[in-house]
Number of protein chains: 4
Amino acid sequence: MTTDTTTASDCAAPRRGRPRSEAAEQAIFAAVEELMAGGTSLPELTIEGIAAAAGVGKATIYRRWPNKEALLVDMVSRMEEPLPSTTGSVRGDLVAMIEYMRLRGLAKRSRWVLKAALGQMHSSPELHAAYRERVIKPRRQAARELVRRGIEEGELRSDLDEDLVGDLLVGPILARSVLWDDSDLEDPALAVKMVDALLQGLGGPAARG
Amino acid sequence: MTTDTTTASDCAAPRRGRPRSEAAEQAIFAAVEELMAGGTSLPELTIEGIAAAAGVGKATIYRRWPNKEALLVDMVSRMEEPLPSTTGSVRGDLVAMIEYMRLRGLAKRSRWVLKAALGQMHSSPELHAAYRERVIKPRRQAARELVRRGIEEGELRSDLDEDLVGDLLVGPILARSVLWDDSDLEDPALAVKMVDALLQGLGGPAARG
Amino acid sequence: MTTDTTTASDCAAPRRGRPRSEAAEQAIFAAVEELMAGGTSLPELTIEGIAAAAGVGKATIYRRWPNKEALLVDMVSRMEEPLPSTTGSVRGDLVAMIEYMRLRGLAKRSRWVLKAALGQMHSSPELHAAYRERVIKPRRQAARELVRRGIEEGELRSDLDEDLVGDLLVGPILARSVLWDDSDLEDPALAVKMVDALLQGLGGPAARG
Amino acid sequence: MTTDTTTASDCAAPRRGRPRSEAAEQAIFAAVEELMAGGTSLPELTIEGIAAAAGVGKATIYRRWPNKEALLVDMVSRMEEPLPSTTGSVRGDLVAMIEYMRLRGLAKRSRWVLKAALGQMHSSPELHAAYRERVIKPRRQAARELVRRGIEEGELRSDLDEDLVGDLLVGPILARSVLWDDSDLEDPALAVKMVDALLQGLGGPAARG
DNA sequence: GCATAAACGAGACGGTACGTCAGGTCTTTAA
DNA sequence: TTAAAGACCTGACGTACCGTCTCGTTTATGC
C-alpha cells in the first residue's frame, strides 16, 4: 500500500538521486492532523488542501501514497501502539484491552482517524482489505489469543467458538467507539462493567434457575 | 434533511403548483439500487450518474435531498421494517432481533446501503445526527425496551445498566455486519449462540467457581 | 415575431375562455424597465427574473413572445414614435431627424433597449431580420424619403446614390449613439453642425481650389 | 482582462511552475473559429463546447479569460492589423482607411468576431470599456490623426471639430459594416465615393448658391 | 569535483463531478 | 381557457479536485 523506501532502508540497491525528504513526510502528517483538528470533515480533506497546508507539492504526496485513503490508513497503522497486555489474570487483560480501546475511542487525536478510515474503507475493496489486514486483524488476533489463554486457564468457557467469544467481548466497545456517540465512552468503569457482565452472564433468576 | 412531502401528506395548505412526481422518486431509488448492484463503489456513485440512470434531471434530485448522503440515509430509513418482535419469551425476542439484524446484514439488497450510510455518515455532523436519529436510535430503543421487559420478567439481571445490557447484546452483531467481513454472518445458528452465550455468561469454571 | 392577439382585438371569433390579462402585459413591460433601470445587464435579464419581478408565471410570458429577444424587439418597436417630419426646408427636416436620434440615444429610458436589441440581434438571423424590418428599415426609409425630396428641391446633389447619401447622413449619429460613448451626444448643436458640415463638404482650400 | 503571458514575455520574474501551453491557446482559437464557421450562433457558442472542440479542459480556458466575451475581445484585438496608412495624399489615406474597414467588414473570417464583440459588448461595462480601449479607440485615433494632417495640409476644412470630422468619415462605413446588411459593402468603389462625396459636400445647387 | 539522477515547490494539463441557474414545457388548482 | 405556481428535463455555468505532467531548483551520491 505504501512505498517501501522508508521501511526498507537496508535495501541493497544504492538508490541514486536525491533521497526522499523526511521533513516533507512529517509536514504532511502534521498538516493532516492540523486540518482535521481544525474542523475539516473527511470529504473536505483534499490532497490539494493537504499539500497547501504542508507547503508541499502534490506530487510529493502522490509519490508516497496512491490516494488519500492510503495515506489515512498509513497514519492509522502508525498510530497503533502495542496492546499493554502484560497483566496477570485473563480477566485483567480483557479489562485492559477494552479500556485501551475505550481510551483510543475517546482520544481526540486518534478518534477522527479511526472513524475516517472505518468510514471510508468501504469505498474500495483493496483499501478495505488493507485496513482489515493492518488494523482490525491484529486486534481480533489479540482478542482471540486472550480468549484462548482464558479457556486454557479455565477463566473462560471452553464449549464456545473462540471467534464468537472474541467478538462478544470486542463488539460492544467497538460499536460504542465507532458507530455511536462519544458520550457512551465516558464512564471510567466501563471496561470492568462490560467484562464482568459478560463473564457472569446477563441472565436473570428466571434464566438461571 | 429530507423532504416533508411524504410525511406531511396531511398538510392543510393546498400546495399550489405542479406536485412532485412520485414516478421520478421511484426512478431515482431504482437507479441507485441498480447502479450499486452493478458494482459501482460508493464514491463512484455520483449524483450525475444517478440522474442519468434514472432519466431524471439533477435538479429533481437536489430538490428532494441536499446531497448524496441524505439520499442514502433516506433510502435506509425507508427500508427499515418493523422488528418482528411478537414472540413469546424475551429470549426468543432477542434471538429474533439479532437474527433480523443478521439477515439484514447478509441481504444483498440492503447491505451496501447500510454500509454506505454508516461509512459516510461521519462526514458531516448533521448527517450523522440524522442517521442516528432515524436508524440507530429506533434499534437501540427497541433493544432497550426488550431488555426492560426481560428484567421485569426476571429473564435478565436487574443489577445492570439497561443501556449497557442492550449494547452487549446488539454490539457484536452490529460489528460483524458493518465493520467486518460478511462471512462472519453465515452461520444460521449465530443468533441463538450469541444470545445463549450472553445469557449464560462467558466465564469458565475458574470464574464461576 | 410577436403574437397578434393584442392588436387583433377585433377578431371575429368569440375567443372563449378567460381573456388574456392586459394587466399582466403591462406588468411585464414595467418589470423589464425596472430591472434594466436597476442596473441589470442584458444577459442577467432572464425570463425567470422578469416573471418573478412582474408577479407573473413564466408561461404567461412564453404565451406572448417566443423568447427574451422577441420581447425586447417588441418593446423597442412600441417605443418608436413617428418622426416629427413637419418642418419646412429639407435641411430643417434633416436636422430634426438627427436631433431626434440624438435625443433617443441620450434618453435613459430607451437607450438600453436600443443597445440591447442591437447587441443581441446578431444572435439569430430571424431576430436580426425582425429588428431590421421593424426598426432600422423605417428609419432608413424616412431618411431616403427626405433625401429624395432634397434632391428634387435642389437642396441636395442629384449625382449621388440616394442610399449612399442617406447613410452618410444617418451613419455618424447612429455610430455615436450605439457604438460609442454617450458623452459624444451631449452637444445640443450637434445635429446642426453635422448637417451643415455634410452639406457644405469637409474639403478645405486645397481640395476646393 | 487578458493574460500578460504573451505581452509580458520579457518579465523578469522566473514564472515558477509549469508554463502555460501555447498549443492549448492556439487550439482554443482554432476551435472558436471552426465552431463559428460551422454555423454556431453566438449564444450557442459555449465554453463547454469550445473546450470539447479544442480537446482542452474548461479550466484551461478559464485560466486565461474570465468569460466568453473576454475571449472574443482578445481574439478581435489579436486580429487587428496595422492600418496600411502609407499613401501620399490625405484623400488617398482616407480612402485606404475606409476601404480597409470595408474589406474587414466583408471578410468572412473576421466579420463574425467583429459583430460578436460589438453585439455582446454592451452586456458588461468592463468588457465594453476593454473593447473600446483596444479596438475602437485606436481606429478613431488613427482617423483623428489623419484629419489633423488633412487640416494642416489644407485638404480638410479647419473650422470644424476634429472629432466631428473623424466621425463623419468613419461613422457611415462602421454603420454599414456592423449594423446593417453585408450587401451594402459590396461596391468596390464605395470608399472613393464616400470620401469624395464627403469632401465635396452633399449640398445641391440650392444650398450651394 | 562534477556529472547524474531523483526528489523538491510550483502550477498547468485534460478530466469529472459538483451544486446552481435558466431555458422552455407540462401539470396542478383557482378564477 | 387563461392565470399563478411550481415541478419537470436539459444543459451550460464557473469551481474544485483529481491524478499526471512539465518546469527550474535543490540535494545527495558515484564516477
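Naming: A, B, ... by sequence-line order, numbering from 1 per chain.
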Practice task
With pairs defined as Watson-Crick or G-U wobble and both distances under 3.5 angstrom, please note down DNA chain E as a dot-bracket string, | for pairing with another strand.
Solution key: |||||||||||||||||||||||||||||||

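- Nearest approach of D:L72 to D:L42, heavy atoms of both residues: CD1-CD1, 3.9 Å.
- The CD1 atom of D:I28 sits 4.5 Å away from the CD1 atom of D:I61 when rounded to the nearest 0.5 Å.
- If you take CD1 of B:I61 and P of E:dG19, they are 11 Å apart, rounded to a whole angstrom.
- Legend: residues meeting ring-ring contact (aromatic ring centres under 6.0 Å, His included) with A:F29, ordered by chain and number and at least two apart, are A:W65.
- In this structure, the CD atom of D:Q26 is 17 Å from the C1' atom of E:dA12, given to the nearest Å.
- Distance C:I28 CD1 to F:dA4 C1': 12 Å, rounded to the nearest Å.
- Residue D:S21 comes nearest to D:R64 through the heavy atom pair O-NH2, 3.0 Å, listed as atom of the first residue, atom of the second, then distance.
- C:A53 and C:A31 get closest at one heavy-atom pair: CB-CB, 3.9 Å.
- C:R64 has no side-chain polar atom (N or O) that falls below the 4.0 Å cut-off from OP1 or OP2 of F:dT2.
- For A:K68 (side chain) and A:L45 (main-chain N/O), a donor-acceptor pair under 3.5 Å exists by modelled atom type.
- As a whole-Å value, the separation of D:L71 CG from F:dG14 P is 12 Å.
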Exercise for the section: Sugar-phosphate means primed atoms, P, OP1 and OP2; the rest is base. With that split, encode nucleotides 22-28 of chain E 5' to 3' as B, S or - using protein heavy atoms under 4.0 Å. Expected result: SBBBBBB

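- Comparing C:T60 and B:V56 along DNA chain F, the residue whose closest nucleotide (by nearest heavy atom) sits nearer the 5' end is C:T60.
- Under 4.0 Å is where a charged nitrogen must lie from a carboxylate oxygen, and between D:R20 and D:E25 no such pair does.
- The separation between C:I50 atom CD1 and E:dC21 atom P is 18 Å, rounded to whole Å.
- The nearest pair of heavy atoms linking A:A54 to A:A27 is CB-O, 3.6 Å.
- Rounded to a whole Å, the CH2 atom of D:W65 is 14 Å from the P atom of F:dG14.
- Remark: side-chain polar atoms of B:E44 are paired, donor with acceptor, to backbone N or O of B:S41 under 3.5 angstrom.
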